[in-house]
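Here is the structure we will look at.
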Amino acid sequence: MHHRSNESKSASWPIPQPIRKDGAGGPDKGPRDIMRDIENPDMLVPPVTDAGLLPNLKMSFSDTHMQLNQGGWSREITVRELPVAKEMAGVNMSLTPGGVRELHWHQQAEWSYMIWGCARITAIDQDGRNFIADVGPGDLWYFPPGLPHSIQALDEGCEFLLVFDDGAFSDLNTLSISDWFAHTLKDVLAANFGVPELAFDAIPKDQVYIFPSAVPGPIESQAVTSPYGTIPRSFKHRLLAQEPLVTPGGSVRIVDSSNFPASIAIAAALVEIKPGAMRELHWHPNSDEWQYYLTGQGRMTVFAGNGTARTFDYRAGDVGYVPRALGHYIQNTGEETIWYLEIFKAAHFSDVSLNQWMALTPSALVQANLNASPELMASLRKVKWPVVKYPASETGDR
């Protein structure tokens, strides 16, 4: 259910024009990128409620540089590609069967979601305790800053999303074992390991980053016993094994340090939005939100106060971003279920529901504040529904 969409638009579809139903706007006779306009209807014809300007809150991995290596590929979205995303950066990576993301470490925390396929991950901590595990579709891993690790694809290869708690992070500028060896004098290496210098004649001359290798055998065949034991808090979490919170419009699985104790710097939610449903109006008080769309298509309006709101359209493979505490929703605008990840630079997941806030505030105060109708007041819920779906209602002009 978490594979990317392969939706295509028919060339026979009418060419969209920047004209609102009330007559605002006018035809665009070109030159223009019509396919981009079809993919971004709420930018071509913004809803009438949009006002003012916000920074760009959307970037597609398809618009980024692809780093190709023997053994796999990677591409990244950092503040270079999405300047508003100062708190987090993301890497989309794929490894061929047996392909290895070499032994390395980061100054930043690493959180990952396996999109498809399986891989073997390894790590050690500062106390010499080691960790070896296999991860499959829907599984997560988390490596704290500074701890060395590796990733190797199993039989079918794999693709995964990596998120780091620093928007300026670049995966091409990590601390890699091959890079360190290549930039250390051989007499120093010989002194460190107690072997002759000629033992290092075949080491790589540069960082290998991703490289091909044989598919490893069963995990039992690669067991390494540490005299200090294994890492006590697992770096792996099976997100899809969690019981979801189910609502009429979809479901939510929340993962943070409360149920994935190793993940002390990054929290997340896997959200399902069925056709005709939406992630309710809400905001997050403790972190910016970094989004990754796994399937489907939808739109999000972000409200920034002082009469400012802007709407963006998203599809599978896109990244969305919401600055801390800004109000927003995500509405499914397609015929396919949306699955997407909400990711936060925080130990705990936290969101505030507009509906619940109103329900838990004295009703006379709410009614007076909004001149609210009896129907609206009667609809308020004290229990949060992260995803909502109601019978279709009339929609206003864009």
Side-chain angles (χ1 to χ4, degrees), residues 1-4 69-74 90-106 109-125 127-145 147-164 171 174 176-177 208-244 253 255-257 259-264 266 268 270 292 294 339 341 343:
M1 65 180 174
H2 302 299
H3 294 284
R4 291 214 180 101
N69 287 67
Q70 300 294 330
W73 54 257
S74 71
V91 176
N92 181 206
M93 184 176 291
S94 180
L95 299 173
T96 59
V100 178
R101 173 66 176 99
E102 73 161 309
L103 294 159
H104 67 285
W105 70 102
H106 311 285
E110 173 181 316
W111 182 98
S112 184
Y113 177 90
M114 184 63 78
I115 298 171
W116 62 263
C118 296
R120 183 159 300 157
I121 56 176
T122 72
I124 71 162
D125 69 7
D127 296 317
R129 299 173 296 190
N130 64 349
F131 181 82
I132 304 172
D134 289 347
V135 288
D139 288 347
L140 310 179
W141 69 78
Y142 177 88
F143 297 127
L147 296 195
H149 53 277
S150 69
I151 309 161
Q152 183 174 19
L154 300 181
D155 298 63
E156 62 176 324
C158 60
E159 182 177 348
F160 46 91
L161 174 75
L162 301 164
V163 178
F164 299 87
D171 199 51
T174 57
S176 299
I177 191 171
V208 296
Y209 185 54
I210 292 173
F211 65 93
S213 188
V215 174
I219 194 166
E220 297 79 11
S221 69
Q222 290 198 313
V224 178
T225 302
S226 168
Y228 306 102
T230 58
I231 287 174
R233 296 195 299 184
S234 176
F235 289 154
K236 170 186 173 180
H237 179 77
R238 298 187 62 224
L239 182 58
L240 294 185
Q242 282 186 216
E243 191 70 25
R253 290 174 173 86
V255 57
D256 60 16
S257 60
N259 56 359
F260 186 14
S263 188
I264 60 174
I266 297 178
L270 175 64
Y292 180 68
L294 291 153
W339 287 90
L341 290 161
I343 303 167

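Heavy atoms only: backbone and side chains are in, while hydrogens, waters and symmetry mates are out.
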Value rounded to 0.5 Å, distance of [atom1] in [X] from [atom2] in [Y]:
X: Thr122; Y: Phe131; atom1: OG1; atom2: CZ; answer: 10.0 Å
X: Ile210; Y: Asn69; atom1: CD1; atom2: CG; answer: 5.0 Å
X: Leu95; Y: Glu156; atom1: CG; atom2: CD; answer: 12.5 Å
X: Ile231; Y: Lys236; atom1: CD1; atom2: NZ; answer: 14.5 Å
X: Leu140; Y: Leu239; atom1: CG; atom2: CG; answer: 5.0 Å
X: Ser226; Y: Arg129; atom1: OG; atom2: CZ; answer: 9.0 Å

>> Classify the ring geometry of Phe143 against His149: parallel below 30°, tilted from 30° to 60°, perpendicular beyond 60°.
In response: parallel
Within the 3.5 Å criterion, strictly below it, is a donor on [X] or [Y] matched to an acceptor on the partner's side chain?
X: Trp141; Y: Glu110; value: yes
X: Ser74; Y: Tyr209; value: yes
X: Ser263; Y: Arg233; value: no
X: Tyr228; Y: Asn130; value: no

Between [X] and [Y], is there a donor-acceptor pair closer than 3.5 Å when you use the side chain of the first and the backbone of the second?
X: Asp125; Y: Asp127; answer: yes
X: Ser94; Y: Gly72; answer: no
X: Arg253; Y: Ala241; answer: no

> Under the criterion side-chain contact (heavy atoms from CB on, under 4.5 Å), which of Ile121, Asp139, Ile219 is the partner of Asp134?
Replying inline: Ile219
>> Gln152 and side-chain contact (heavy atoms from CB on, under 4.5 Å): which single residue from Pro97, Cys158, Pro216 fits?
In response: Pro216
> Do Ser150 and Trp105 come close enough that some side-chain heavy atom pair is under 4.5 Å?
Replying inline: no
Heavy-atom closest pair, residues [X] and [Y]:
X: Arg120; Y: Gly217; result: NH1-O, 2.7 Å
X: Met114; Y: Gly117; result: CG-O, 3.5 Å
X: Ser257; Y: Ile264; result: CB-CA, 4.3 Å

> Step by step, would you call Tyr142 with Phe235 a ring pair (Phe, Tyr, Trp, His ring centres under 6.0 Å)?
Replying inline: CA-CA 5 Å; Tyr142 177 88; Phe235 289 154; 7.3 Å; no
>> One pair to check against ring pair (Phe, Tyr, Trp, His ring centres under 6.0 Å): Tyr113 and Phe160. What are the steps and the verdict?
In response: CA-CA 6 Å; Tyr113 177 90; Phe160 46 91; over 10 Å; no
> Listed by chain and number, what are the salt bridge (charged side-chain N to carboxylate O under 4.0 Å, His left out) partners of Asp155, not counting sequence neighbours?
Replying inline: none
> Can you name the one residue among His106, Arg101, His104 that meets side chain to side chain donor-acceptor pair (under 3.5 Å) with Thr174?
Replying inline: Arg101
